Amino acid sequence: MSRPVTATLDLSALRNNLQIARQAAPNSRVWSVVKANAYGHGIDRVWSALGGTDGFALLNVEEAILLRERGWKGPILMLEGFFHAGDLELFDKYRLTTSLHSNWQVKALANARLNAPLDIYLKVNSGMNRLGFTPERVHSIWQQLRAIPNVGQLTLMAHFADAEQPEGIVEPLARIEQAAEGLDCARSLSNSAATMWHPEAHFDWVRPGIILYGASPSGQWCDIANSGLRPVMTLRSEIIGIQNLKAGDAVGYGSRYRASGEQRIGIVACGYADGYPRHAPTGTPVHVDGVMTSTIGAISMDMIAVDLTPCPHAGIGSPVELWGNEVKIDDVASAAGTVGYELMCALAPRVPVVTV
Ligand SMILES: *Cc1c(COP(=O)(O)O)cnc(C)c1O
């Protein structure tokens, strides 16, 4: 038998979550964001469960080509656009909608020899200061683009830095309105947080990512606990060792944990080389043999120690859920000082993945 750690992907949860996103933004079309190999789930495994989407958004041309080769004929949005003028040949061949955020891209697009115009998402910098044109420049770029024969449909695009905050999109939305004034343009502004919590920002196309995979854009599961969203990924393993500690006994590297009395602990076959966060402290929630308990001591490369006090019947071979329906990935992430996004994306290649 192989090592017991596995990640199970529940494709019905993915379908469900796309429905929830649609219900949240009933008048918008949906770009399902599948960048970073579908947030670590594997684009090839999950894309067909999202087949009811209106389009896929990602940023790796290889992933876009994979979707085309698998037969996806609908729109594909390249969130960071083309990285070099030479990429436009592939964008043309595979009919990719491209974001446009820099002057050099406008020139490259004007000079490219394409078989047909490409649809363009003109990116406004609405205050996050990563990619995009300042609102003041949008009008002139827009007119410039309108005059380029290679430009098909034009959409205004922006991205929010603080959409999980109740007031987090007030200022950026005002900047986007300023940029869009007088332009008769379609808009795509909303990530998961804005899709869930800011209907005033939905417009023509929303771009949910993290909620499709059933984690919270705020990093707090409680924020989506009543939304109907369901976790897609479950990371499971088994107890492969048992230790009976006496008062003062240490556990794991750095002897970071010492038992205060007699204590039975289990050793789980999963560690940071599987994608479990090394920074998770003693007390991080874990589900063992049907019971909630917690980790103990440092996370090793291949093993995690867990407290078996609440589950005296657990033994070698008992099932362990590291995250999934019982233990929310957001709760593990927040214990470790990160977000569910990072844990999903960091699922290690050595973990076998099963889809159900
Ligand atoms: C990643 C990304 C999204 C999706 O963000 P979530 O928070 O996962 O919903 C949307 N738009 C852009 C431009 C992105 O890069």
Side-chain angles (χ1 to χ4, degrees), residues 14 17-18 20-25 28-41 43 46-47 50 53-61 63-64 75-83 96-102 105 119-133 155-165 168-169 172-173 176 186-199 201-221 223-224 227 229 231-233 329-330 333 338-346:
L14 207 55
N17 297 346
L18 175 59
I20 302 278
R22 276 203 187 285
Q23 285 161 13
S28 309
R29 280 182 280 175
V30 176
W31 290 112
S32 290
V33 180
V34 291
K35 64 188 179 189
N37 201 21
Y39 289 50
H41 292 65
I43 196 165
V46 304
W47 78 272
L50 293 170
T53 190
D54 299 302
F56 286 104
L58 43 76
L59 45 78
N60 233 299
V61 78
E63 292 180 343
I76 297 179
L77 171 62
M78 304 302 284
L79 290 165
E80 294 184 348
F82 43 97
F83 298 98
L96 308 179
T97 299
T98 180
S99 123
L100 207 78
H101 55 77
S102 294
Q105 291 176 318
D119 292 340
I120 303 297
Y121 267 48
L122 179 59
K123 184 130 184 194
V124 192
N125 172 8
S126 60
M128 193 176 193
N129 287 307
R130 293 196 313 190
L131 298 180
F133 296 97
T155 301
L156 203 65
M157 171 191 191
H159 190 55
F160 296 123
D162 304 300
E164 73 285 0
Q165 308 287 345
I169 69 162
L173 209 51
I176 294 158
R187 286 168 224 194
S188 175
L189 314 179
S190 292
N191 55 7
S192 291
T195 301
M196 294 303 285
W197 300 318
H198 295 288
H202 285 168
F203 293 99
D204 304 83
W205 285 81
V206 293
R207 302 189 309 269
I210 193 75
I211 54 172
L212 299 178
Y213 309 98
S216 175
S218 68
Q220 303 295 321
W221 170 258
D223 291 339
I224 59 165
S227 63
L229 293 166
V232 172
M233 184 192 293
I329 196 169
D330 293 311
T338 182
V339 286
Y341 294 80
E342 188 183 12
L343 300 192
M344 292 176 184
C345 291

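Counting starts at 1 for both ligands and their atoms, following the listed order. Small disclaimer: the values here were computed from a predicted structure and weren't measured.
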| Who's the nearest protein heavy-atom neighbour of atom 15 (O) of ligand 1, and how far? | Lys35 NZ, 2.7 Å
| note | With heavy atoms and a 4.0 Å threshold, my read on which part of Leu79 contacts ligand 1 is side chain
| request: Would you check the N or O atoms of Gly209, main chain and side chain alike, for any that come under 3.5 Å of an N or O of ligand 1? | output: yes
| said: Is it true that Ser218 and Asp223 share a donor-acceptor pair across their side chains at a distance under 3.5 Å? | reply: yes
| request: Name the closest protein heavy atom to atom 7 (O) of ligand 1, giving the residue it belongs to and the distance to 0.1 Å. | output: Tyr341 OH, 2.6 Å
| said: Main chain of Gly132, side chain of Asn125: is a donor-acceptor contact present, judged purely on distance under 3.5 Å? | reply: no
| message | Taking a cutoff of less than 4.0 Å between a non-hydrogen atom of the residue and any ligand atom, is Trp31 in contact with ligand 1? | response | no
| When rounded to the nearest 0.5 angstrom, what distance separates OG1 in Thr155 from CG in Leu189? | 10.5 Å
| task | Anything under 30° is parallel, anything over 60° is perpendicular, the rest tilted; go ahead and classify Tyr213 against Tyr39. | result | parallel
| message | Under the salt bridge (charged side-chain N to carboxylate O under 4.0 Å, His left out) test against Asp54, which residue among Arg207, Arg22, Arg29 passes? | response | Arg22
| remark: ligand 1 to Ile210, heavy atom cutoff 4.0 Å, flagged ligand atoms 6 (P), 8 (O), 9 (O)
| said: Among all protein heavy atoms in this structure, tell me which lies nearest to atom 11 (N) of ligand 1, with the distance rounded to 0.1 Å. | reply: Arg207 NE, 2.9 Å
| said: Give me the residue, atom name and distance of the protein heavy atom closest to atom 8 (O) of ligand 1. | reply: Tyr39 OH, 2.5 Å
| said: If I apply the N/O under 3.5 Å rule, does Val33 come out as touching ligand 1? | reply: no
| Is a side-chain donor or acceptor of Ser188 paired with a backbone partner of Trp205 at a separation under 3.5 angstrom? | yes
| query | Between Ser192 and ligand 1, which part of the residue brings a heavy atom under 4.0 Å of the ligand: side chain, backbone, both or neither? | reply | both
| note | Correct closest heavy-atom pair for Ser227 and Ile20 would be O-CD1, 3.5 Å
